[in-house]
Amino acid sequence: ISGGTKNKEAFNAYLLGEHHRNRGDDEAAVRAAISAFRKAIDLDPNYARAYVGLANSWGRMAANSFVSYQEGTGHMEAAVDKAIELAPDLADAYVAKTFLLISYKRDFLGAQKAVSKAVELNPGSVEVQMEYARIRCYRGDADEAIAAARKARDLDPVSVFANHFLGHVLYFSRHYEDAIPALRHTLEMNPQYPKPHYFIAMSLFWLGDVEAAWEEIQQEPLDWMRWAASSVILHRLGRIDEAEANFANLSADEEQEFATIQRADTYAQWGNVEMAFRNLDLAVEYGDPGLSQLHVDPFLDPIRDDPRYIALVHKLGAPRAHIS
């Protein structure tokens with residue numbers, strides 16, 4: 001198998017890393033994955049698949065602000081480059097490269113080339129189909145994105161991540177009524193899995209059921225997601241003091257790199273346009289990976305007609321989405 005190993009201990013360490021990575025974006029789980037993948041690499045320095053697992057794990061560390069974007073991206077890029085050097089025909093290496101390019105380098109053209117290479121090498125891969133779905137989704141190509149996400153789920157129906165990712169794509173494609181059961185199914189498979197409660201809550205919110213959204217978001221284990229959603233939900237419910245208390249967790253230092261997109265989201269929904277753009281500028285300055293979702297993030301809808309939003313799109317060189 002391309003990028004594999006003949007070292008049984010290295011393979012076992014790799015499987016342990018994948019187990020932890022599939023537990024979702026919990027910091028302890030991702031750190032455990034990194035440790036396992038590093039052990040696999042120590043046992044076999046030419047184990048390309050272990051480098052891919054390491055790259056993906058560092059990407060999740062940065063995406064959730066468990067480490068700085070600079071630190072996470074540096075480790076991720078080094079691992080991706082090594083994986084491709086060792087196994088240039090390994091599709092999963094190009095999947096990791098796609099995520100790196102779209103989330104941290106804001107290189108949409110490069111990401112499209114990388115994912116096309118992955119599809120060419122292994123179209124039957126769950127990971128490949130999910131990353132292809134991500135690219136199409138963030139560009140606003142909803143039908144193509146949903147079809148790829150469904151294909152990924154169908155390729156591995158018992159994968160918690162594939163089921164969650166289908167919900168993720170349905171949410172950002174504005175198919176909220178379809179997203180909710182997909183995300184509920186994810187929680188049936190793993191009730192502790194991070195993120196589905198957030199996406200269910202915000203789907204309910206955009207559908208107008210704000211009370212149900214509030215009940216749902218309180219179950220989200222990821223602090224930053226719970227704080228961000230609660231800031232908007234409580235504000236809509238007229239519970240302003242509670243909304244501001246949740247938001248304070250995201251904005252203790254308005255110049256920090258943590259949660260710049262979430263702060264922009266909240267300010268946009270609160271009608272504070274100036275601070276929304278201030279935080280989008282900070283997101284660009286720090287390289288917040290949330291910028292990859294710029295066009296499909298429903299929180300930002302109130303400011304899309306502002307000339308500063310159009311200028312930001314041109315500055316990023318990001319293709320404009322066409323939401324269906």
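Residue numbers start at 1 and run along the sequence shown.
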- Is there a donor-acceptor pair closer than 3.5 Å between any side-chain N or O of Asp92 and the backbone N or O of Val95? no
- Are more than 12 heavy atoms from other residues, nucleotides or ligands located less than 6.0 Å from atom CD of Glu211? no
- Task: Find out whether Ile217 and His197 are in side-chain contact, i.e. whether some heavy atom of one side chain is under 4.5 Å from a heavy atom of the other.
- Result: no
- Given the rule that I, L, V, M, F, W and Y join up when any side-chain heavy atoms are under 4.5 Å apart, are Tyr94 and Val128 in one cluster? yes
- Has the side chain of Arg263 got a donor or acceptor atom that lies under 3.5 Å from a matching backbone atom of Phe258? yes
- Task: Give the intermediate values and the outcome of salt bridge (Lys or Arg N to Asp or Glu O under 4.0 Å) for residues Arg21 and Glu127.
- Result: CA-CA 13 Å; Arg21 191 169 72 88; Glu127 298 274 357; 3.1 Å; yes
- Item | Least distance between heavy atoms, Gly17 atom then Ala33 atom | O-CB, 3.5 Å
- Message: Restricting to side-chain hydrogen bond (donor to acceptor under 3.5 Å, both in side chains), what partner residues turn up for Glu215, sequence neighbours left out?
- Response: none
- Indicate whether the side chain of Asn246 and that of Ser231 have a donor and an acceptor atom separated by less than 3.5 Å. no
- Test side chain to side chain contact (heavy atoms under 4.5 Å, CB included) on Asp297 and Ile261 and set out the steps. CA-CA 10 Å; Asp297 180 355; Ile261 289 294; 4.2 Å; yes
- Strictly under 6.0 Å, is that where the ring centroids of Tyr104 and Trp58 end up? no
- Message: Between Phe299 and Trp206, is the ring pair (Phe, Tyr, Trp, His ring centres under 6.0 Å) condition met? List the steps.
- Response: CA-CA 9 Å; Phe299 286 89; Trp206 304 123; 5.2 Å; yes
- Note on the structure: d(Ser230 OG, Met225 CE) to nearest 0.5 Å is 12.0 Å
- Query: Does the pair Arg304/Asp301 count as a salt bridge with the N-to-O cut at 4.0 Å?
  - Reply: yes
- Would Val80 and Met61 show up in the same hydrophobic cluster when neighbours are defined by side-chain heavy atoms closer than 4.5 Å? yes
- Closest heavy-atom pair, Tyr198 versus Glu220, reported as atoms and distance to 0.1 Å, is N-OE1, 3.1 Å
- Query: Does the side chain of Ser116 reach to within under 4.5 Å of the side chain of Gln112, using non-hydrogen atoms?
  - Reply: yes
- Distance col, row Phe37:CZ vs Leu54:CG, nearest 0.5 angstrom, shows 7.5 Å
- Message: For His295 together with Tyr138, are the ring centres under 6.0 Å from each other?
- Response: no
- Task: Could you check Glu242 against His235 for side chain to side chain contact (heavy atoms under 4.5 Å, CB included), going step by step and ending with a plain yes or no?
- Result: CA-CA 8 Å; Glu242 293 172 80; His235 197 272; over 6 Å; no
- Message: Between Thr186 and Asn163, is the side chain to side chain donor-acceptor pair (under 3.5 Å) condition met? List the steps.
- Response: CA-CA 6 Å; Thr186 303; Asn163 278 276; 5.3 Å; no
- Nearest atoms (heavy-atom pairs only) where Tyr193 meets Asn22: CE1-O, 3.5 Å
- Message: Let me check something: do Val160 and Val169 share a hydrophobic cluster, defined by ILVMFWY side-chain heavy atoms less than 4.5 Å apart, either directly or through other members?
- Response: yes
- Item | Single-linkage hydrophobic cluster Ile146~Leu207, side-chain heavy atoms < 4.5 angstrom | no
- Task: For the pair Asp154 and Lys151, evaluate salt bridge (Lys or Arg N to Asp or Glu O under 4.0 Å) and give the outcome as yes or no after the intermediate values.
- Result: CA-CA 5 Å; Asp154 291 345; Lys151 182 175 181 179; over 6 Å; no
- Met189 and Pro157 have their tightest heavy-atom pair at CE-O, 3.8 Å
- Task: Enter the distance from Leu101:CG to Ser292:OG here, rounded to the nearest 0.5 Å.
- Result: 12.0 Å
- Message: Run the side chain to side chain contact (heavy atoms under 4.5 Å, CB included) test on Ser173 and Val296 for me, step by step, so that the C-alpha distance in whole Å, both residues' side-chain angles and the decisive distance to 0.1 Å come before the verdict.
- Response: CA-CA 7 Å; Ser173 299; Val296 292; over 6 Å; no
- Pairwise side-chain contact, Val232 with Asp265, heavy-atom cut-off 4.5 Å (strictly under): no
- Task: Indicate yes or no: at least one non-hydrogen side-chain atom of Tyr132 is less than 4.5 angstrom from one of Ser125.
- Result: no
- Should we say atom CZ of Phe11 is surrounded by more than 12 heavy atoms from elsewhere, each under 6.0 Å from it? no
- Working for side chain to side chain contact (heavy atoms under 4.5 Å, CB included), residues Gln218 and Trp214: CA-CA 7 Å; Gln218 295 175 74; Trp214 171 238; 3.2 Å; yes
- Message: Are Thr98 and Lys113 packed together at the side-chain level, in the sense that at least one heavy-atom pair is separated by less than 4.5 angstrom?
- Response: no
- Query: Do Arg136 and Glu144 sit within salt-bridge range, that is, some charged N less than 4.0 Å from a carboxylate O?
  - Reply: yes
- Query: Any luck finding a side-chain donor-acceptor pair between Ser2 and Asp89 under 3.5 Å?
  - Reply: yes
- Item | Note, Leu280 side chain near Ile303 side chain (heavy atom, < 4.5 Å) | yes
- Within the 6.0 Å centroid threshold, strictly below: Tyr47 and Tyr14: yes
- Any side-chain heavy-atom pair from Lys105 and Glu77 closer than 4.5 angstrom? yes
- Query: Does Phe247 have its ring centroid less than 6.0 Å away from the ring centroid of Tyr267?
  - Reply: yes
- Task: Please name the pair of heavy atoms, one in Ala91 and one in Leu121, separated by the smallest distance, quoted to 0.1 Å.
- Result: CB-CB, 3.8 Å
- Query: Quick one: do the Asp288 and Thr260 side chains pair a donor with an acceptor below 3.5 Å?
  - Reply: yes
- Task: Check whether any side-chain heavy atom of Ser65 lies under 4.5 Å from a side-chain heavy atom of Trp224, and answer yes or no.
- Result: no
- Message: Is it true that, when you exclude Gln219 itself, more than 12 heavy atoms of the residues, nucleotides or ligands shown sit nearer than 6.0 Å to its CD?
- Response: yes
- Task: Output yes when Lys117 and Glu131 qualify as a salt bridge under the 4.0 Å nitrogen-oxygen rule, no when they do not.
- Result: no
- Under 3.5 Å donor-acceptor, Asp141 side chain and Cys137 backbone: no
- Mind listing the closest non-hydrogen atom pair of Leu222 and Asp25 along with its distance? CD2-O, 3.3 Å
- Task: Calculate, to the nearest 0.5 Å, the distance between atoms CG and OH belonging to Leu183 and Tyr171 respectively.
- Result: 10.5 Å
- Ionic contact status for Arg184 with Glu216, cut-off 4.0 Å: yes
- dist Phe205:CZ -> Arg236:CZ (nearest 0.5 Å) comes out at 3.5 Å
- In plain terms, say whether Lys39 and Asp42 are close enough for a salt bridge, that is, a side-chain N and a carboxylate O under 4.0 Å apart. no
- Test: Glu274 and Arg308 ion pair at under 4.0 Å: yes
- Query: Cluster question for you: counting only ILVMFWY and a side-chain heavy-atom cut-off of under 4.5 Å, with indirect links fine, are Leu86 and Leu90 together?
  - Reply: no
- Message: Nearest 0.5 angstrom please: Leu250 CG to Thr266 OG1, how far?
- Response: 6.0 Å
- Between Arg134 and Gln293, do the side chains contain an N or O donor and an N or O acceptor separated by less than 3.5 Å? no
